[in-house]
Every structure is written in C-alpha cells, then in structure tokens.
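If you read the sequence from its start, that first residue is 1, and numbering goes on from there.
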Amino acid sequence: MGNVAMAIDDKLKRQFQPVRLAVEDESSQHHGHAGWREGGETHFRVEIVSPAFEGQSRVARQRLVYAALKDEFAAGLHALALTTLTPAEDARRS
C-alpha cells in the first residue's frame, strides 16, 4: 500500500470507525487522463461501511469523506470513486 493509500485508510478509520473499509488504487486505469501522474496514487476506489453515515444522504456522506481527505486532495489526489454505506445498508446488499 502506497503512502496516499495508507493516509486515506488511516484518516477514514480514525474519522468514521468503519466496520469495513476497502481502499483500492485505480490510478493505472487512468494513465493519460486528467490528474494522472507517474507513480500513481491519484485515483482511488473507496468503499466504507460506517454507523457514522446513519441519517446522512449520499451527498452528505461523500462530503464528509472529501472533507476528511482535504490534505490528500491538496497534495495531488485527483479522484475518488466512493461507496458509503451504513451497516444496515451493507447487510441488505449481501
């Protein structure tokens, strides 16, 4: 896991105490696209399941995640593909 991925993982764990968190670097799939840079760590897929999302809209949840990662965006993180679920929503998906 690279430095940006580790920072994302650490910050989201501390902020949201997720019951499940997956952080996947998809930068290689975006070679030549906006925001891509050599070495990757610019485009991530994040799936986070947390009770902290109870009562929050999808947009509000995503805003919370983006706010938690503002320093990473300032340092070159370009894009997140986010799935934000409550434990109950995640259980219904299974």
Side-chain angles (χ1 to χ4, degrees):
M1 189 181 288
N3 290 339
V4 176
M6 287 176 24
I8 291 170
D9 186 80
D10 181 58
K11 285 186 175 184
L12 296 181
K13 282 179 178 173
R14 281 189 284 127
Q15 175 101 15
F16 300 104
Q17 293 85 44
V19 296
R20 189 163 51 77
L21 175 62
V23 178
E24 180 182 352
D25 186 347
E26 295 186 334
S27 301
S28 64
Q29 298 171 22
H30 297 273
H31 187 273
H33 297 173
W36 182 88
R37 68 175 180 264
E38 192 67 41
E41 294 204 299
T42 55
H43 296 73
F44 287 88
R45 177 168 303 281
V46 173
E47 184 167 318
I48 181 170
V49 179
S50 173
F53 298 137
E54 295 286 349
Q56 301 283 336
S57 71
R58 182 181 58 84
V59 171
R61 296 171 188 188
Q62 291 183 355
R63 285 182 180 150
L64 290 170
V65 171
Y66 275 83
L69 301 176
K70 69 179 184 297
D71 293 339
E72 285 67 28
F73 278 101
L77 174 59
H78 181 72
L80 288 179
L82 284 174
T83 302
T84 54
L85 301 168
T86 67
E89 290 167 340
D90 188 48
R92 283 194 294 273
R93 282 183 10 165
S94 300

Could I get the full list of salt bridge (charged side-chain N to carboxylate O under 4.0 Å, His left out) partners for Lys11, not counting sequence neighbours?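 Applying salt bridge (charged side-chain N to carboxylate O under 4.0 Å, His left out) to Lys11 gives Asp71, Glu72.
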Salt bridge (charged side-chain N to carboxylate O under 4.0 Å, His left out) with Arg14: which residues, sequence neighbours excluded?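 Arg14 satisfies salt bridge (charged side-chain N to carboxylate O under 4.0 Å, His left out) with Asp10 once adjacent residues are dropped.
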Would you give the length of the straight line joining atom [atom1] of [X] to atom [atom2] of [Y], rounded to the nearest 0.5 angstrom?
| X | Y | atom1 | atom2 | value |
| --- | --- | --- | --- | --- |
| Phe44 | Leu77 | CZ | CG | 6.5 Å |
| Glu26 | His43 | CD | NE2 | 9.5 Å |
| Ile48 | Asp9 | CD1 | CG | 9.5 Å |
| Leu64 | Thr84 | CG | OG1 | 9.0 Å |
| Phe73 | Leu80 | CZ | CG | 4.0 Å |

If you group Ile, Leu, Val, Met, Phe, Trp and Tyr whenever their side-chain heavy atoms sit less than 4.5 Å apart, what else falls in with Val19?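 Taking Ile, Leu, Val, Met, Phe, Trp and Tyr as members, Val19 shares its hydrophobic cluster with Val49, Leu85.
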Does Lys70 have any side-chain hydrogen bond (donor to acceptor under 3.5 Å, both in side chains) partners at least two apart in sequence or in another chain, and if so, which?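 In terms of side-chain hydrogen bond (donor to acceptor under 3.5 Å, both in side chains), with neighbours along the sequence ignored, Lys70 is linked to no residue.
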With sequence neighbours excluded, tell me which residues meet side-chain hydrogen bond (donor to acceptor under 3.5 Å, both in side chains) with Arg92.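 Not a single residue meets the side-chain hydrogen bond (donor to acceptor under 3.5 Å, both in side chains) criterion with Arg92.
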Would Val4 and Thr42 count as a side chain to side chain contact (heavy atoms under 4.5 Å, CB included) if you check the C-alpha gap in whole Å, the side-chain angles of each, and the deciding distance to 0.1 Å? CA-CA 8 Å; Val4 176; Thr42 55; over 6 Å; no
Name all pairs fulfilling the side chain to side chain donor-acceptor pair (under 3.5 Å) condition that reach into residues 49-65, sequence neighbours left out, sorted by first residue then second.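 Sorted result for residues 49-65: Arg61-Glu89.
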